[in-house]
Each structure stands twice: as C-alpha cells, then as structure tokens.
Amino acid sequence: MTAATPIPTSRTLVTALPGPRSQELQSRRVAAVATGVSKGFPVFIERGAGAIVVDVDGNALLDLGSGIAVTSIGHGVTTVSAAIAEQADRFLHTCFMVTPYEGYVAVCEALNAIAPVPGEKRSALFNSGAEAVENAVKIARSATGKPAIAVFDHAYHGRTNLTMALTAKNMPYKHRFGPFAPDIYRVPMSYPFRDHLSGPDAAARAISQLEAQIGATNLAAVLIEPIQGEGGFIVPAPGFLGAIADWCRANDVVFIADEIQSGFCRTGDWFALNDEGVTADLVTTAKGIAGGMPLAAVTGRADLMEAVHEGGLGGTYGGNPVACAAAVAAISVMEETDLAARARSIGKVMTSALRTLSERLDGIGDVRGRGAMIAVELVEPGTLNPNAAAAKAVVAACNAEGVLVLSCGTYGNVIRLLPPLVITDEQLHDGLTVLAGALEAALS
Ligand code: PLZ
C-alpha cells in the first residue's frame with residue numbers, strides 16, 4: 001500500500017490476524033524489544049484515518065481504543081499533520097527554558113481557558129502523563145509546605161517511581177519495582193457497583209480515613225481521577241467528587257484532578273469534572289491533548305502554580321514545539337467540530353447496546369462510564385466475583401475480527417471502549433456487533 005492508496009472506511013480483513021508481514025515484524029520485535037513492554041495485539045500498523053487503522057498486510061481494523069484515549073480526534077487529521085510539518089520545517093527544538101517560542105504559550109492559554117479550575121490560572125508543559133502527575137505533586141507540596149499525598153483504591157497515575165507509589169495495582173505496574181516513594185496514603189474510592197454507597201457516604205468514608213490516618217495538617221494534596229481509567233472506568237457516585245473537593249478546600253489541601261484519560265471531550269465535555277460542576281485546584285492532562293504527539297500539562301490556580309520558585313519546574317523537552325503545534329491544532333478541531341457533543345451521542349449508542357445485552361447476559365455485572373468512555377464489568381453470574389478470563393477471551397475474539405478493544409480494571413475483568421470521537425455511526429454499529437458476539441460467546 002502506498003501513501004496515495006485510499007484508506008477503507010470500514011473494517012476489511014484480507015488475511016487472518018496477525019497476517020504474515022505482521023508475524024515477520026513480530027519475530028524481529030521479539031529479538032529486539034525488551035520483554036517488559038506489553039505485547040498487546042501484534043498487528044503492525046502502517047496508516048490510519050478516522051477510526052480505521054491499516055496494518056502492514058493491508059487489513060483495515062476498527063480502532064475502539066484510540067491508543068488508550070489519545071487519538072480522540074481520529075487518525076490522519078490533516079490539519080494536525082500540516083501543523084506538525086509546518087513547525088518541523090521551522091525548528092524542532094530550542095528548550096523553552098533556554099529560548100521560548102509562541103506555541104508553548106498558546107497551549108497554556110488554551111488550557112487556562114478550558115480547565116475546570118476557578119479564577120486565574122497558569123500552566124506548565126511536560127512530556128508524559130506520569131511527568132505531569134509528578135509535577136502536580138511537586139507544586140502541591142511546594143505551595144502548602146506539607147508532605148503527604150492521598151490517592152484512591154484502583155487509581156492509576158503512571159509508572160515512574162513516584163507515580164508507581166500513587167498507582168494502586170501491583171501487577172504489572174509495581175511488582176518487584178519497589179521501594180516506592182514515601183508519604184503516599186490510599187483511601188477508599190466510591191465504586192457504586194461494589195460498595196452501593198451514595199456519593200456523600202463514600203466521601204465520608206474516605207474523609208474519615210484522611211483525618212484519622214494522615215491528618216489535614218500533614219496532607220499536601222488529594223489526587224483523584226474523576227473517572228478512573230486503568231482501574232476499571234469507575235465512575236464515582238454523584239456528590240462524591242464535590243464532597244472531597246469541599247473537604248480539601250476547608251482544610252488547605254490541594255485537590256488535584258488527574259484528567260489524563262478522561263479529558264479533552266472524551267466524557268462529553270472538556271473534562272469529566274465538568275459534569276457535576278466540580279472544580280479542582282490543579283488538573284493534569286496528557287493523551288488527547290495533542291492528537292497523538294507526546295505532550296502533558298499541569299494547569300492550576302495561579303497562586304499555587306506561582307508558589308514554586310523560578311527554575312523549580314521544567315525539563316529539556318517539556319512543551320516541545322512540534323507537540324505544541326499539534327496541540328493547538330487538535331484543540332481547535334475539538335472545538336470547531338464539537339467533539340464533546342459527538343462523545344455524548346456515541347455514549348448513548350454504546351450504553352444502550354450494552355445495557356440491552358446485559359439484560360440477556362448475566363455475566364455482565366455493570367455497564368458504566370460517560371460519553372465515549374464506556375465499559376462493561378464481567379462477573380461470575382449472580383456474584384461480584386470478577387471474571388477476568390471472560391474479559392481476556394472477549395478482547396481476543398474482537399481482535400481476531402479486526403476490532404481493537406482494551407481491557408482494564410484492578411481485577412482485569414473490565415472491557416473498555418474508547419473510540420476516536422470521529423467514528424461514524426456505521427463503524428460504531430459494526431464494532432458493537434462484533435463486541436456483542438464476543439460477549440455472547442464468552443458469557444453464555
Ligand atoms: N494518569 C489517569 O490513564 C496513562 C497507561 C498505559 P503516561 N494510562 C495508560 C500503560 O500501561 O502504561 C495515565 C492515566 C492517568 C496518568 C497516566 C500516565 O500517563 O503518559 O502513560 O505517563
């Protein structure tokens with residue numbers, strides 16, 4: 001296939017998956033790439049457009065994962081690739097801390113305009129989600145002069161040393177990689193499917209632990225994903241986030257929202273916090289921000305962001321000019337094509353299809369999520385016992401048909417859908433039909 005060959009608009013398989021060229025590349029990979037890097041589904045991708053990716057054997061696959069919530073604006077967006085090419089022609093790097101450039105400032109202005117943070121805001125740019133989370137913790141500690149950080153059960157915040165400590169799940173993220181950073185405390189999340197608590201009750205449970213086991217005078221920040229991603233698309237009960245945020249404000253504790261997976265129109269609004277009108281003191285973003293280029297940010301209340309001494313935040317590549325050009329273009333695409341509205345309508349279609357299926361299949365314990373961030377939690381019928389084997393089988397069956405879906409969850413028993421927000425109705429319907437077949441086969 002050459003660059004001029006049009007990319008199909010629907011899933012089309014021309015070989016069994018993975019095809020022969022992918023298999024060849026996979027053997028090279030095994031000989032060259034460290035085994036610690038997850039293998040995923042070994043089809044090697046050559047090109048993409050919208051919600052379709054084409055592999056090296058010419059198979060057109062339907063992408064319902066967006067590279068883990070990154071390519072929300074779709075693959076092959078020409079305004080973004082043109083902005084990247086234009087910037088690449090001008091210069092690739094200066095280091096913003098050495099000699100600045102406009103793109104970095106423009107991204108910070110765009111983030112300050114949309115982030116769910118009250119009042120005057122400032123932003124700083126980094127390379128990865130984990131790096132943004134690390135910096136949010138640095139800012140909160142510097143601004144409050146306090147050491148402790150509280151996180152939640154099922155949380156995922158990254159794979160660096162500090163963010164491993166913040167992440168809940170041992171396997172595969174933390175196993176044998178300790179010791180971890182100190183002064184991190186974990187409190188219970190609101191998980192309506194498993195705890196049946198109202199938002200205020202779940203918040204009271206978490207707050208009593210914050211008070212008893214840490215103490216507000218030691219606590220710099222509470223860090224939370226407004227909808228947990230890797231942990232299983234856990235949507236806290238209404239009122240939970242607001243009650244935690246209020247407690248933080250009353251106790252001089254920085255409330256940090258990790259919107260790295262849930263941000264940028266994914267949940268049907270700019271950010272997941274918008275749904276209940278909750279605001280944060282600091283927000284971390286990455287993934288969807290730049291259409292696929294590596295970029296991350298911390299946006300926060302100006303008084304907190306400015307508490308850090310000059311030179312305290314930075315890095316060689318943070319806010320790389322090419323990544324910034326991509327972000328400016330990607331954020332314009334989201335705004336101009338109202339991808340938040342599209343996420344809401346995708347969510348309605350996905351939720352109603354999965355709810356209908358769950359009435360027939362007892363193994364679907366819960367259908368949840370918001371906008372285009374929807375999941376099913378699989379259990380042994382009539383129990384809350386996680387069924388990770390079924391989740392694995394469903395992912396494998398979908399993959400074999402050329403539909404890319406991902407699992408997640410502390411217990412590995414959740415199937416999550418994160419389609420590009422430009423997916424067409426036909427493509428979505430096709431993907432849901434394949435998923436329904438896979439769920440039926442695994443659960444009946
Ligand atoms: N915070 C909420 O979802 C990244 C991890 C994939 P990085 N999630 C995907 C894997 O197995 O490594 C994530 C997230 C939330 C932080 C991060 C970390 O973002 O860009 O992967 O560092």
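From a predicted model like this one, the values you see are computed outputs, not experimental measurements. Order of listing sets the numbers, starting from 1, for every ligand and every atom in it.
Atom 6 (C) of ligand 1 has Ile68 CD1, 3.7 Å as its closest protein atom, hydrogens excluded (heavy atom only). The shortest contact between atom 8 (N) of ligand 1 and any protein heavy atom is with Lys287 NZ, 3.2 Å. Protein heavy atom in closest approach to atom 7 (P) of ligand 1: Gly129 N, 3.5 Å. The protein non-hydrogen atom at the shortest distance from atom 3 (O) of ligand 1 is Gln261 NE2, 2.8 Å. Counting only heavy atoms of the protein, atom 11 (O) of ligand 1 lies nearest to Arg159 NH2, 2.7 Å. When only non-hydrogen protein atoms are considered, atom 18 (C) of ligand 1 lies nearest to Ala130 N, 3.6 Å.
Neither the backbone nor the side chain of Glu131 has a heavy atom within less than 4.0 Å of ligand 1.
For ligand 1, the atoms sitting less than 4.0 Å from at least one non-hydrogen atom of Ile260 are 1 (N), 13 (C), 14 (C), 15 (C), 16 (C), 17 (C), numbered in the order shown with element in parentheses. Of all the atoms in ligand 1, the ones that sit under 4.0 Å from a non-hydrogen atom of Ser128 are 20 (O), 22 (O).
In this structure, Asn251 CG and Asp246 CG are separated by 10.5 Å, a value rounded to the nearest 0.5 Å.
Minimum interatomic distance between Pro420 and Thr71 (heavy atoms only, all atoms of both residues): CB-O, 3.6 Å. In terms of heavy atoms, Ile423 sits closest to Arg342 at O-NH2, 2.7 Å.
Close N/O approach between Tyr156 and ligand 1 is found [any backbone or side-chain N/O within under 3.5 Å]. Close N/O approach between Glu225 and ligand 1 is not found [any backbone or side-chain N/O within under 3.5 Å].
When the shell of 6.0 Å around CD of Glu120 is examined, it contains 12 or fewer heavy atoms from other residues, nucleotides or ligands.
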Under 3.5 Å, which donor-acceptor pairs do the side chains of residues 311-322 form with other protein atoms, sequence neighbours left out?
residue, atom, partner, partner atom, Å
Asn320, OD1, Val322, N, 2.8
Asn320, OD1, Ala323, N, 3.1
Asn320, ND2, Leu92, O, 3.0

Which side-chain N or O atoms in residues 177-192 pair as donor and acceptor under 3.5 Å with protein atoms at least two apart or in another chain?
residue, atom, partner, partner atom, Å
Asp183, OD1, Tyr185, OH, 2.9
Arg186, NH1, Phe152, O, 2.8
Arg186, NH1, Leu166, O, 3.2
Arg186, NH2, Ala165, O, 3.1
Arg186, NH2, Leu166, O, 3.3
Arg186, NH2, Thr167, O, 3.0
Ser190, OG, Ala237, N, 2.8
Tyr191, OH, Arg194, NE, 3.4
Tyr191, OH, Glu377, OE1, 2.8
Tyr191, OH, Glu377, OE2, 3.3

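Of all the listed residues (Leu295, Asp258, Val133), Asp258 holds the heavy atom that lies closest to atom 1 (N) of ligand 1.
Protein heavy atoms are absent from the space less than 4.0 angstrom from atom 21 (O) of ligand 1.
With a 4.5 Å cut-off on side-chain heavy atoms, Leu282 and Val117 do not count as touching.
We find that Glu259 and Lys287 are not joined by a salt bridge, their nearest charged nitrogen and carboxylate oxygen being 4.0 Å or further apart.
Of the candidates Thr284, Thr163, Asp258, His157 forms a side-chain hydrogen bond (donor to acceptor under 3.5 Å, both in side chains) with just one, namely Asp258.
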